[in-house]
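For reference, the structure discussed in these notes is given below.
What you see is a predicted model; the values in this text were computed from it and never measured. The figures here come from the full heavy-atom set of this structure, side chains too, leaving out hydrogens, waters and symmetry mates.
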Amino acid sequence: MGRSGSLEDLLSVAGGALATLAYSISVSEAPCYARHDVERMSNHTAAAEVLLERKGCAGVITLNRPRFLNALNFNMVKDIYPQLKKWEQDPEIFLIIIKGAGEKAFCAGGDIRAVVEAVKLAPKKAHDFFRREYILNNAIGSFQKPYVALIHGITMGAGAGLSVHGQFRVATEKTVFAMPETAIGLFPDVGGGYFLPRLQGKLGYFLGLTGFRVKGRDVYTAGIATHFVDSEKLVMLEEDLLALKSPSEENIADILETYHTKSRIDQDKSYIFEHMDKINSWFSANTVEQIIENLQQDGSPFALEQLKVINKMSPTSLKIALRQLMAGSSKTLQEVLTMEYRLVRAFMVHHDFHEGVRAVLIDKDRSPKWKPANLKEVTDEDLNNYFKFPGSNDLKF
């Protein structure tokens, strides 16, 4: 687990423009065991952004924007949700598999540049994106059938929302997981307020505030993934899952466990536990100011590296994120998503989100001018206003 390369570079690649609607579903009336993409329905677009296919007894979702690291956009969310609900009610669908096209990413995040453009031109559409996305996150969290996310490659932000709330998450040695939102003046949303504080110790607080990248087997060690599989075996794993006939949850879990047990890559390597005691100590503080003081007092290279990172983040985002995670630790997923929908609507009309996107994704000067510029100037009243943002249009599940 560590920081190689630039997080901003990854964010920049993921922040592609909002593409036009593309849709692809394959359906079949064949018996469950013979159903293998027999019939395809599509609108004949050159490249569908998400593929929704019935294969054997499984519904298979493929995020299909590899050029943009499978960044999630409005149309993809709009397509996935109704099909997921249909599959949940279909007696001949026994599991869901979700994966990303290409070798680089499962999903590197939401299409943030498109959201910013929508805020300028049609604010309601930006709100609708987050509303639909959070409703999809909840649908995954409450899904009544086994849900298997193959989180191979970059998995950040919206990619976490499409995976961590599901029953099974399979990482590989190429998985890179992060919640980097504080770097663009946002907060770790998509249910981050639910799953991050439920990771071991204070790890989730550390990840949510710093955007630290967890890599490879440590994604499993951290509890983000439920299983680890060598990437060269991923296709075989999927084939074995698709070959199951009317599988039970136990059948699916047994296959995943078999592949996990046989994995060899980085078997005895764990970067995360080298620092867990310190992470728990530093991030046990109740304020961002105290966390920073803890890092300064420690003075070790690892502590100073995290201090350098935190000092680049939006002060408002840091304070909001810490309060969000603390509050979310005792809320249900639905309650967290409702809280986050209020927060994200507040962020859409405040300076830092737009400035962060400008600095990281548009102008790419990497020099955001945050307002307020320091933690001292972010008052409790400011924070309360974010959390009390008008709830007349609250999320409805």
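Using a 3.5 Å distance cut-off with no hydrogens or angles, the side chains of Glu377 and Asn374 do pair a donor with an acceptor. Between the side chains of Ser300 and Asp298, at least one donor N or O lies within less than 3.5 Å of an accepting N or O. Of the N and O atoms on the side chains of Asp189 and Tyr134, at least one donor lies less than 3.5 Å from an acceptor on the other residue. Judged by distance alone, the side chains of Asn286 and Gln290 never bring a donor and an acceptor atom under 3.5 Å apart. Side chain to side chain, Asn384 and Arg323 meet the donor-acceptor criterion of an N or O pair below 3.5 Å. Checked by atom type, the side-chain pair Asp394/Thr338 shows no donor-acceptor distance below 3.5 Å.
The backbone N or O of Asn251 lies less than 3.5 Å from no partner atom in the side chain of Asp254, so there is not a single donor-acceptor pair. In this structure, Ser314 contributes its side chain and Asp352 its backbone to no donor-acceptor pair below 3.5 Å. Using a distance-only test at 3.5 Å, with no hydrogens or angles considered, no donor-acceptor pair links the side chain of Trp87 to the main chain of Glu92. Panel note: side chain Glu340, backbone Gly193; a donor-acceptor pair is recorded below 3.5 Å.
Evaluation of the salt bridge (charged side-chain N to carboxylate O under 4.0 Å, His left out) rule for Asp277 yields no partner, not counting sequence neighbours. Contacts of Lys369 classified as salt bridge (charged side-chain N to carboxylate O under 4.0 Å, His left out), with partners at least two apart in sequence or in another chain: none.
At most 12 non-hydrogen atoms from other residues, nucleotides or ligands lie less than 6.0 angstrom from CD of Glu381.
Phe353 and Phe347 have their aromatic ring centers separated by at least 6.0 angstrom. Aromatic rings from Phe206 and Phe212 are positioned such that their centres are separated by under 6.0 Å.
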Problem - Check against salt bridge (Lys or Arg N to Asp or Glu O under 4.0 Å), Glu88 and Lys85 - result: CA-CA 5 Å; Glu88 189 171 31; Lys85 299 304 285 185; 3.2 Å; yes
Handout entry: Steps toward salt bridge (Lys or Arg N to Asp or Glu O under 4.0 Å) verdict (Asp128, Arg132)
Key = CA-CA 6 Å; Asp128 197 33; Arg132 288 174 182 261; 3.0 Å; yes
Handout entry: Test salt bridge (Lys or Arg N to Asp or Glu O under 4.0 Å) applied to Asp230 and Arg264, step by step
Key = CA-CA 7 Å; Asp230 297 344; Arg264 292 289 174 263; over 6 Å; no
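For residues 96-108, the set of pairs meeting the salt bridge (Lys or Arg N to Asp or Glu O under 4.0 Å) definition, not counting sequence neighbours, comprises Lys99-Glu238.
With Ser263 as the partner, the side chain to side chain donor-acceptor pair (under 3.5 Å) test is satisfied by one option alone out of Lys233, Glu173, His227, Arg217: Arg217.
Ring geometry for Phe302 against Tyr271 counts as perpendicular: the plane angle is over 60°, on a 0 to 90° scale with 30° as the lower cut. Aromatic ring orientation, Phe177 versus Phe195: perpendicular (interplanar angle above 60°, classes split at 30° and 60°).
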